[in-house]
Protein chains: 2
Amino acid sequence: MSASKYDLNQQITVAVDCIIFGFDGENLKLLLFKRKVEPFINSWSLIGSLIKNSDSLDDGAKKILYRLTGLSDVYLQQLKTYGEVDRDPLERVISVAYYSLIRIEQFHLDSIQSHDAEWFNLDEVPELIFDHGQMVQDAIRQLRAQASNQPFGVELLPELFTLPQLQTLYEKIYSTEFDSRNFRKKMLSLGIFIKTDKKDKSSSKKGAFLYKFKKGGSASSAIAYENFDSFRPVVRFLGK
Amino acid sequence: MSASKYDLNQQITVAVDCIIFGFDGENLKLLLFKRKVEPFINSWSLIGSLIKNSDSLDDGAKKILYRLTGLSDVYLQQLKTYGEVDRDPLERVISVAYYSLIRIEQFHLDSIQSHDAEWFNLDEVPELIFDHGQMVQDAIRQLRAQASNQPFGVELLPELFTLPQLQTLYEKIYSTEFDSRNFRKKMLSLGIFIKTDKKDKSSSKKGAFLYKFKKGGSASSAIAYENFDSFRPVVRFLGK
DNA sequence: CCAAAAGTGTTAAGCATACACCCATGC
DNA sequence: GCATGGGTGTATGCTTAACACTTTTGG
């Protein structure tokens with residue numbers, strides 16, 4: 001391709017980085033992989049790469065995530081673009097960061113392992129290259145902000161899930177604990193869950209009822225729940 | 001500068017666009033200017049340009065805003081990066097959008113006019129090039145989200161301002177009306193305003209008391225008010 | 001004196017929070 | 001039969017939201 005028609009001199013490389021949070025029913029984790037190119041080859045890095053001329057940013061992010069981890073059908077949300085001049089020592093690179101929150105399943109685990117990627121508990125994340133640590137911090141903040149204004153869960157919990165599981169997810173996101181009576185009351189009052197008559201007995205003798213999401217929530221989004229009154233916070237109570 | 005060391009073939013141009021909202025005490029406006037280059041020369045456009053190799057995105061946005069309008073010391077906040085492949089018909093350009101909300105003053109007016117820029121009422125914005133219309137929509141949404149979670153006003157109202165002015169600002173942002181008794185009660189309960197003993201009589205015979213912001217709010221931000229409990233929405237009531 | 005905007009107080013309803021006990025079951 | 005986690009209800013205080021009249025003063 002010929003040089004830019006607007007400015008022959010601009011020479012900026014464009015990358016995307018994906019901050020992928022995962023929930024396994026117990027813990028919130030972060031997906032990392034070992035960088036394959038210099039500089040910092042073999043250091044832990046977010047899932048990222050340069051985008052192609054022919055891919056939009058959104059498409060490019062999806063493809064890169066698939067190529068580097070095997071994950072597909074992940075709803076990625078744009079977080080922020082990082083553009084400090086010297087953030088990459090090799091050359092001028094700006095990076096458009098995307099994030100998502102998915103449920104970790106066996107399918108994912110196999111795929112990820114075969115790609116040299118790995119899930120890390122959020123409190124055991126190793127040193128990351130460049131400004132990736134900052135990206136993760138920003139993504140957590142964003143995740144919390146979203147979770148407090150919109151319920152989420154589609155694609156992020158198993159199709160059927162229990163309220164204790166949902167509570168655990170929220171507790172991990174906020175690094176706090178909620179009173180189960182208030183939590184259940186609040187969640188059920190949102191009117192977006194349907195109780196099934198099945199029970200999950202994997203974590204207690206009594207078993208917990210399985211719920212599913214009501215249709216009409218955003219099918220494409222792991223995070224946002226459409227048509228939801230954003231003025232009514234989902235999580236306000238932080239008391240026990 | 002030599003070609004990219006990561007990828008010799010990537011050829012993507014990077015621009016920034018600034019969505020500048022202005023408040024003149026009565027109306028919320030949008031700053032536009034007439035594009036100076038083909039394609040679409042002389043069409044109305046957001047304030048934007050390519051960034052330089054030596055400028056970070058944040059710095060580049062500030063400089064471009066200054067160059068094209070004369071505005072300086074504007075706290076710009078990154079909105080989103082737009083990266084559809086064909087968003088610019090001439091070549092592949094991604095644009096990092098920034099936005100701000102400032103008060104419109106005489107100083108600004110002169111400077112802006114001399115730069116061929118112009119303030120438009122939000123409901124009278126002309127057709128914009130590329131995806132700039134979408135950017136404006138996204139910025140309004142973001143502005144509302146911010147305004148509902150954090151009080152704002154520093155740098156965005158005159159140093160001294162009246163509560164009716166503040167109410168007008170919020171009403172314009174949300175395109176709705178608030179009950180003045182509830183609005184005042186809520187704002188004053190935030191504890192971030194100081195009543196002065198001066199009155200502004202420009203809009204009524206009785207005159208309205210002038211208030212100022214308490215120190216300790218974010219001095220650098222026109223929009224965010226730091227150290228504010230983000231779990232307590234500022235604007236929830238939308239009733240009259 | 002009157003028009004026009006500023007300023008003020010109360011009540012009812014809804015929501016958040018705190019808190020303690022019974023239930024079902026596998027072992 | 002008991003330990004474990006699941007499930008439920010109520011009372012209190014705070015925030016929101018609805019609502020109407022008085023004050024000030026320039027003209």
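Chain letters run A, B, ... following the sequence lines, proteins first, then strands; residues in each count from 1. Side chains included, hydrogens not; waters and symmetry mates left out as well; all remaining heavy atoms used.
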May I have the distance from [X] (atom [atom1]) to [N] (atom [atom2]), rounded to whole angstrom?
| X | N | atom1 | atom2 | result |
| --- | --- | --- | --- | --- |
| A:Gln167 | D:dT8 | CD | P | 13 Å |
| A:Leu188 | C:dA16 | CG | P | 14 Å |
| B:Leu163 | C:dA5 | CG | C1' | 13 Å |
| B:Asn182 | D:dC19 | CG | C1' | 9 Å |
| B:Phe183 | C:dG9 | CZ | P | 18 Å |
| A:Lys186 | D:dG7 | NZ | P | 20 Å |
| B:Phe178 | D:dT16 | CZ | C1' | 13 Å |
| B:Met187 | D:dT16 | CE | P | 10 Å |

Cut-off 3.5 Å, side chains only: do [X] and [Y] have a donor facing an acceptor?
| X | Y | value |
| --- | --- | --- |
| A:Gln146 | A:Gln77 | yes |
| B:Asp17 | B:Ser95 | yes |
| B:Ser56 | B:Asp58 | no |

- Aromatic plane relationship, B:Tyr174 with B:Phe178 - under 30° parallel, 30 to 60° tilted, over 60° perpendicular: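 The arrangement is perpendicular - the two ring planes meet at more than 60°.
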
- Message: So, does A:Arg184 get its side chain near the phosphate of D:dG7, meaning an N or O under 4.0 Å from OP1 or OP2?
- Response: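 It does, given that an N or O in the side chain of A:Arg184 lies less than 4.0 Å from OP1 or OP2 of D:dG7.
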
- Item | Note, A:Phe21 side chain near A:Lys172 side chain (heavy atom, < 4.5 Å) | no

- Query: With sequence neighbours left out, what residues match A:Trp44 under ring pair (Phe, Tyr, Trp, His ring centres under 6.0 Å)?
  - Reply: A:Phe120

- Message: What's B:Ser189 touching, base or sugar-phosphate or nothing? Going by heavy atoms closer than 4.0 Å.
- Response: nothing

- Got a sec, which residues hit salt bridge (Lys or Arg N to Asp or Glu O under 4.0 Å) with A:Arg181, two or more places apart in sequence or on another chain? A:Asp179

- Message: Check this for me: does the side-chain of B:Lys185 come within 3.5 Å of the base of D:dT15 through a donor and an acceptor?
- Response: no

Between the protein and nucleotides 24-26 of chain D, which nitrogen or oxygen pairs come in under 3.5 angstrom?
residue: D:dG26; atom: OP1; partner: B:Lys201; partner atom: NZ; Å: 3.1

